[in-house]
Amino acid sequence: MAIRHFLDLSDAGPDALSAILSDAQERKSARAGWAKGQPDADAPLAGHVLAMIFEKNSTRTRVSFDIGMRQLGGSALVLDSSTSQLGRGESIADTARVLSRMVDAIMIRTDDHAKIEEMARHATVPVINGLTDRSHPCQIVADLQTVLEQGKALPGLELAWFGDGNNVLHSVLEAAALFKFNVRIATPAGFEPDPEFVTMARESGATVTLTQDPAAAADGADIVVTDTWVSMGQENVANKLGAMEPYRVDEALMAKAKPEARFLHCLPAHVGDEVSEAVFESGQSVVFDEAENRIHAQKSILLWCLGKL
Ligand code: CP
Ligand code: NVA
């Protein structure tokens, strides 16, 4: 079997992603009421170890992969750039080759997407994208699971995105291409997503609308999504916060979506900036289900990468 890396959603494709989503929901249901660290009944990754490399901060990705590996019967360890030899200039290629002799899979969160591609070229175990400046595919599998859990079907879904056209939105567009749902994107001029993702989604049959009018994007939406206005490593963008002000998801904007619409945010949130407290704390907000689903979704991603799904 070819090594199953998970650098972007297209590495799995729609059939494998559907299997991942079903497995995630089955495993979540089967664990209802269990202690969080207790292994699943089948413990399919007993004896397996995941190495996690963090070149940026993380709470959810770090904890959900660690707990996910424990629930699958395996374990995880963390390397960060300040205390590993990566921080002293050891190459990605050598790090990939060394870790491949020691662990069963590698998860990496980094800045430049080229680094994760380099890791995948040299690793002989699966490499998983835990976020780069370009994309955040694990987040979007958890988001899709959350949308499905809310009783919504993916084909034809109207998803509206507000604020910054960033890495998380790129993975939303990849999912739209694979599952044929529609994305309305409201951003200030100059903060649109990479046109490569927009073109790819459109060519795959998704309808993608780019607008600077947040009300138009929200009108009749099933799912309303935003993310931080300033992503990690992009703190020096002048005048960005002012440009983002009209794109805050507040009660007035949410009222334009369908009454049964749900609000998603990958977290961490800056309540009062990209989302008002009223929306964040409302019954329409499913952000903590989304965070929990990182565990369930990534367990199934790990099983797929290791050929057990
Ligand atoms: N959503 C997400 O990836 O969170 P962390 O940055 O805490 O991992
Ligand atoms: N767009 C955000 C996502 C954090 C999970 C960032 O890159 O910082």
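In each ligand, atom 1 is the first atom listed, and ligand 1 is the first ligand listed. All values below were derived from every heavy atom in this structure, side-chain atoms included, with hydrogens, water molecules and symmetry-related copies excluded. If you're wondering where the values come from, they're calculated on a predicted model, not measured in any experiment.
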- Query: Under a 4.5 Å side-chain heavy-atom rule over Ile, Leu, Val, Met, Phe, Trp and Tyr, are Leu169 and Phe263 clustered together?
  - Reply: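 Different hydrophobic clusters.
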- When you measure from atom 8 (O) of ligand 2 to every protein heavy atom, which one gives the shortest distance, and what is it?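 Ranking protein heavy atoms by distance from atom 8 (O) of ligand 2, first comes Met232 N, 2.8 Å.
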- What protein heavy atom sits nearest atom 2 (C) of ligand 1, and how far away is it?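 Scanning the protein heavy atoms, the shortest distance from atom 2 (C) of ligand 1 goes to Arg294 NH1, 3.3 Å.
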- Would you say Arg109 touches ligand 1, if touching means a heavy atom closer than 4.0 Å?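 Arg109: in contact with ligand 1 (<4.0 Å).
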- Task: Examine ligand 1 and decide if any of its atoms is less than 4.0 Å from a heavy atom belonging to Leu267.
- Result: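 Checking ligand 1 against Leu267, which is what was asked, there is a heavy-atom contact under 4.0 Å.
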- Is the count of non-hydrogen atoms from other residues, nucleotides or ligands lying under 6.0 Å from Lys256 atom NZ greater than 12?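 Check fails, neighbour count at 12 or below.
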- Would you check whether Ser231 has a nitrogen or oxygen atom less than 3.5 angstrom from a nitrogen or oxygen atom of ligand 2?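 Such a contact does occur with ligand 2.
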- Task: Looking only at distances, please establish whether an N/O atom of ligand 2 is found under 3.5 Å from an N/O atom of Asn166.
- Result: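 Asn166 vs ligand 2: N/O contact under 3.5 Å present.
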Which of the numbered atoms in ligand 2 are below 4.0 angstrom from a heavy atom of [X]?
{"X": "Leu131", "value": "3 (C), 4 (C), 5 (C), 7 (O)"}
{"X": "Leu267", "value": "5 (C)"}
{"X": "Asp227", "value": "1 (N), 2 (C), 3 (C)"}

Scan side-chain atoms only and decide if [X] and [Y] contain a donor-acceptor pair under the 3.5 Å cut-off.
{"X": "Thr132", "Y": "Asp111", "result": "no"}
{"X": "Thr61", "Y": "Arg109", "result": "yes"}
{"X": "Ser300", "Y": "Arg27", "result": "no"}
{"X": "Ser64", "Y": "Gln298", "result": "yes"}
{"X": "Asp250", "Y": "Ser276", "result": "no"}

- Item | Under 3.5 Å: N/O of Cys266 near N/O of ligand 1 |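 Checking ligand 1 against Cys266, an N or O pair does fall under 3.5 Å apart.
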- Task: Could you name the option among His136, Lys56, Arg60 that has the heavy atom nearest to atom 3 (O) of ligand 1?
- Result: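 The residue whose heavy atom sits nearest atom 3 (O) of ligand 1 is His136.
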- Item | Parallel, tilted or perpendicular: ring planes of Phe280 versus Phe288, cut at 30 and 60 degrees |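 Judged by the thresholds at 30° and 60°, the geometry between Phe280 and Phe288 is perpendicular.
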- Within reach of ligand 2, part of Asn167 (heavy-atom separation under 4.0 Å):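 The answer is the side chain.
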- Item | Asp80 side chain to Phe54 backbone, donor-acceptor under 3.5 Å |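 No, Asp80 side chain to Phe54 backbone: no donor-acceptor pair under 3.5 Å.
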- Task: Give the numbers and elements of all ligand 1 atoms closer than 4.0 Å to a heavy atom of Gln139.
- Result: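 Once the distances to Gln139 are compared, the set is 1 (N), 2 (C), 3 (O).
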- Message: Within the 4.0 Å heavy-atom shell around Thr59, which atoms of ligand 1 are there?
- Response: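 Near Thr59, meaning under 4.0 Å from one of its heavy atoms, ligand 1 has 5 (P), 7 (O), 8 (O).
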